[in-house]
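Hydrogens, waters and symmetry mates play no part in the numbers below; they use all other heavy atoms, side chains included. Here the structure is a predicted model, which is why all the values come from computation and not from measurement. We're numbering straight along the sequence, starting at 1.
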Amino acid sequence: MRIQAHVSQFLSQAISLNTAPTLLLAFSGGVDSCVLLHALAQAKKTLNFNLQVIHVHHGLSPNADAWANFCAETCETYQVPFELVNVKVEKAAGLGLEAAAREARYQALFGANADFILLAHHQDDQAETILLQLLRGAGLKGLSAMAAQDADRRLLRPMLDIPRAEIEAYAEAAKLAWVEDESNRDIQYDRNYCRHEVMPVLKARFPVASVTLARSAAHIAEAADLLDDLAQIDAQACVVEGRMNVELLERLSVPRAKNLFRWWLASMAFSAPSKNRLDDMLTQLINASGDAALKILLDKASDTYLRRYQGFAYIECNHPQHTTEIAMIWQGEDALTMPDGTKLFFERKQGEGLAIDRLGGHKLRIASRQGGERFKPDLARPTRTLKHLLQEANMPPWLRERLPLIYLDDTLALVPHVGVDCMMQATERDMGLVIRWITDVRVET
């Protein structure tokens, strides 16, 4: 059958099968996922991968237990490992029931141990998605709809080019059983309304509407990728260690500045703001006076703000434990997470950082600022207060309060973003320890 060949070819081209990756199928028990499971079971006879199945039990339907039992029995027939995950859908989260259920489902999927997650979305799903996104006024990212390969999230959609009618015909020919979710007929949900009321009208006039809408999504995805490429080029000049140079941002054309700003937020895992909100944030950021204490709420749930200081824009993430005192010992780890969620990274480099042979078997101690510390990173200059050194380094006030200090016994040996004590610096003949403090806690380094 064509779907079997299509799925096998997709897997062979999309991923490396040399190391027998573990593929996890999100299995609802509906016709789409039943067809994909059948095709994967056939593909496994000739391709080198491990297959597992997960069913997310939302508990929203009176038939949910029966569906879970069906999924378990089906996987037993195929002799495929099966996992049932119960989730609680936060109906009061302000997302709407559809979105809240989807969010809970993805959280369960991403928490599973697998190399790739397979979803049974098809061509008609893609067409419905792009139509809904158009009606919501989405930008290019939203209009590019779903990707067949989503490398960042390890998602694969092998049937994205297959129409629903062909999937149903496959299921009938293979004599497959499946479950029907009664909520799929409820047109109070936007997607169901689009599927049952809007798409039939479009297809009556434009029979290949699903094909052309899906093709448009692919074209838009290419355009969105190009804009990301442009943003990364602009970021090379405008973004330094996670902070944005506002003067250089202002020199860009307005569309280009918006593109870079949107990309910068996304790079730190923030959802794209609405057009009006993005325009407002950019206006405030660019027009603020040099000494203005700009502070714009970016995300209430994580208590995160957009800040400006000394010509740079910052993201301030207020971890709930940011007031906790730091009292840690470094024992050779590559990284340590501070109580506020920021991280220290340790890297050995010849001729840079803190001379390792100065440690003499002693442990490095990480502690909070107490006030009144004095430090001498430059042999040619006198010992100075840490307060003045941090001001000279243009460190924002909200970061100075949370700065981790590195001590060798009772001697302040290294201050991130300031330097190493002049008597402990590695020479070109020494192996050194470079310690970086990363404050962009949403970005994995």
Quiz item: Does any donor atom in the side chain of Asp228 or Gln232 lie under 3.5 Å from an acceptor atom in the other side chain?
Solution: no

Practice problem: Evaluate the criterion side-chain contact (heavy atoms from CB on, under 4.5 Å) for residue pair Phe116 and Ile15; output intermediate values, then yes/no. | Solution: CA-CA 9 Å; Phe116 298 95; Ile15 59 177; 3.4 Å; yes

Quiz prompt | Separation between NZ of Lys88 and NE2 of His58, rounded to the nearest 0.5 Å | solution = 14.5 Å

Quiz item: Is Gln126 reaching over with its side chain to a backbone N or O of Asp161, donor-acceptor style, under 3.5 angstrom?
Solution: no

Practice problem: Take Arg105 and Val87 through the test side-chain contact (heavy atoms from CB on, under 4.5 Å) and record every step on the way to the result. | Solution: CA-CA 8 Å; Arg105 183 164 59 251; Val87 298; over 6 Å; no

Self-check item: Cys238 to Leu260 - nearest heavy-atom pair and separation
Solution: CB-CD2, 3.7 Å

Quiz item: Would you find a donor on one side and an acceptor on the other, under 3.5 Å apart, between the side chain of Arg243 and the backbone of Tyr309?
Solution: no

Quiz item: How long is the gap from CG on Leu336 to CD1 on Ile326, to the nearest 0.5 Å?
Solution: 10.5 Å

Quiz item: Which atom names give the shortest non-hydrogen contact between Leu160 and Ala147, and what distance separates them?
Solution: CD2-C, 3.9 Å

Self-check item: Asp115 side chain vs Thr22 backbone, donor-acceptor pair below 3.5 Å
Solution: yes

Quiz prompt | Atom pair OG1 (Thr337) and CE (Met328), whose distance is rounded to the nearest 0.5 Å | solution = 7.0 Å

Quiz item: Taking C-beta and beyond as the side chain, do Arg400 and Gln391 meet within less than 4.5 Å on heavy atoms?
Solution: yes

Quiz item: Would you call Pro273 and Met281 a side-chain contact if the rule is heavy atoms closer than 4.5 Å?
Solution: yes

Quiz item: Is the backbone of Ala5 close enough, under 3.5 Å, to the side chain of Ser8 for a donor and an acceptor to pair up by distance?
Solution: no

Quiz item: Within 45° of the axis and under 6.0 Å from the centre of the six-membered ring of Tyr407, does NZ or CZ of Arg365 qualify?
Solution: yes

Quiz item: Which one of Val56, Val53, Leu118, Ile54 satisfies the side-chain contact (heavy atoms from CB on, under 4.5 Å) criterion with Phe27?
Solution: Val53

Quiz item: Which of parallel (below 30°), tilted (30 to 60°) and perpendicular (above 60°) describes Trp330 and Phe346?
Solution: parallel

Quiz item: Ignoring hydrogens and geometry, is there a side-chain-to-backbone donor-acceptor pair from Glu222 to Ile220 under 3.5 Å?
Solution: no

Quiz prompt | Chi angles and distances behind the side-chain contact (heavy atoms from CB on, under 4.5 Å) call for Lys343, Phe345 | solution = CA-CA 6 Å; Lys343 293 184 178 182; Phe345 288 89; 3.6 Å; yes

Quiz item: To the nearest 0.5 Å, how far apart are CG in Leu155 and CG in Leu24?
Solution: 10.5 Å

Quiz prompt | Atom CD of Glu76 with >12 non-hydrogen neighbours under 6.0 angstrom | solution = no

Quiz prompt | Modelled atom types, side-chain donor and acceptor of Asn276 and Ser274, under 3.5 Å | solution = no

Quiz prompt | Close side-chain approach of Leu134 to Leu143, heavy-atom, < 4.5 Å | solution = yes

Quiz item: With a 4.5 Å limit on heavy-atom distance, are the side chains of Leu298 and Glu316 in contact?
Solution: no

Practice problem: Of all the heavy-atom pairs spanning Phe270 and Ile315, show the shortest one and how long it is. | Solution: CE1-CG2, 3.7 Å

Practice problem: Decide if atom OH of Tyr193 counts as having more than 12 heavy atoms of other residues, nucleotides or ligands within a radius under 6.0 Å. | Solution: no

Quiz item: Nearest 0.5 Å, what's the CD1-CG distance between Ile406 and Leu364?
Solution: 7.5 Å

Quiz item: If you round to the nearest 0.5 Å, how far is CD1 of Ile233 from CZ of Arg256?
Solution: 7.5 Å

Self-check item: Arg157 side chain to Leu119 backbone, donor-acceptor under 3.5 Å
Solution: no

Exercise. With side-chain contact (heavy atoms from CB on, under 4.5 Å) as the test, would you mind laying out the steps for Val35 and Met159 before giving the verdict?
Key: CA-CA 10 Å; Val35 165; Met159 301 197 304; 4.1 Å; yes

Self-check item: Ser61 and Glu182 side chains, donor-acceptor separation under 3.5 Å
Solution: yes

Quiz item: With side chains defined as the heavy atoms from C-beta onward, is the minimum distance between Leu230 and Asp234 less than 4.5 Å?
Solution: yes

Quiz item: Which heavy-atom pair separates His38 from Leu176 by the least distance, and what is that distance?
Solution: CD2-CD2, 3.5 Å

Self-check item: Lys275 side chain near Leu278 side chain, heavy-atom distance below 4.5 Å
Solution: no

Quiz item: If you draw a 6.0 Å radius around CZ in Arg153, do more than 12 non-hydrogen atoms from other residues or ligands fall strictly inside?
Solution: yes

Self-check item: Ala177 versus Cys34, closest heavy-atom pair with distance
Solution: O-SG, 3.5 Å

Quiz item: Looking at His6, Gln123, Arg2, which one forms a side-chain hydrogen bond (donor to acceptor under 3.5 Å, both in side chains) with Glu166?
Solution: Arg2

Quiz item: What closest approach, in Å, do Gln188 and Asp186 show between heavy atoms, and which atom pair accounts for it?
Solution: NE2-OD2, 2.7 Å

Quiz item: Quick check: does any side chain N or O of Arg195 sit under 3.5 Å from a backbone N or O of Glu128, one acting as donor and the other as acceptor?
Solution: no

Quiz item: Is there a side-chain contact between Leu306 and Phe261, using heavy atoms and a 4.5 Å cut-off?
Solution: yes

Exercise. Inspect the surroundings of CD in Gln9 and state if more than 12 heavy atoms from other residues, nucleotides or ligands are less than 6.0 Å away.
Key: no

Quiz prompt | Presence of salt bridge, Asp32 and Arg164, under 4.0 angstrom | solution = no

Exercise. Give a yes or no on whether the ring-centroid distance for Trp398 and Tyr314 is below 6.0 angstrom.
Key: yes

Quiz item: Regarding His57 and Asp65, is there a side-chain donor-to-acceptor distance under 3.5 Å anywhere?
Solution: yes

Quiz item: Okay, side chain of Asn63, backbone of Asp181: is any donor-acceptor separation there less than 3.5 Å?
Solution: no

Quiz item: Are a donor atom and an acceptor atom from the side chains of Glu325 and Gln370 found within less than 3.5 Å of each other?
Solution: yes

Quiz item: Under 30°, 30 to 60°, or over 60°: which ring-plane class applies to Phe82 and His55, parallel, tilted or perpendicular?
Solution: parallel

Practice problem: Answer yes or no: is there a donor N or O on one side and an acceptor on the other, between the side chain of Ser33 and the main chain of Ser28, under 3.5 Å? | Solution: yes

Quiz item: Is there a side-chain contact between Val211 and Arg215 (heavy atoms, below 4.5 Å)?
Solution: yes

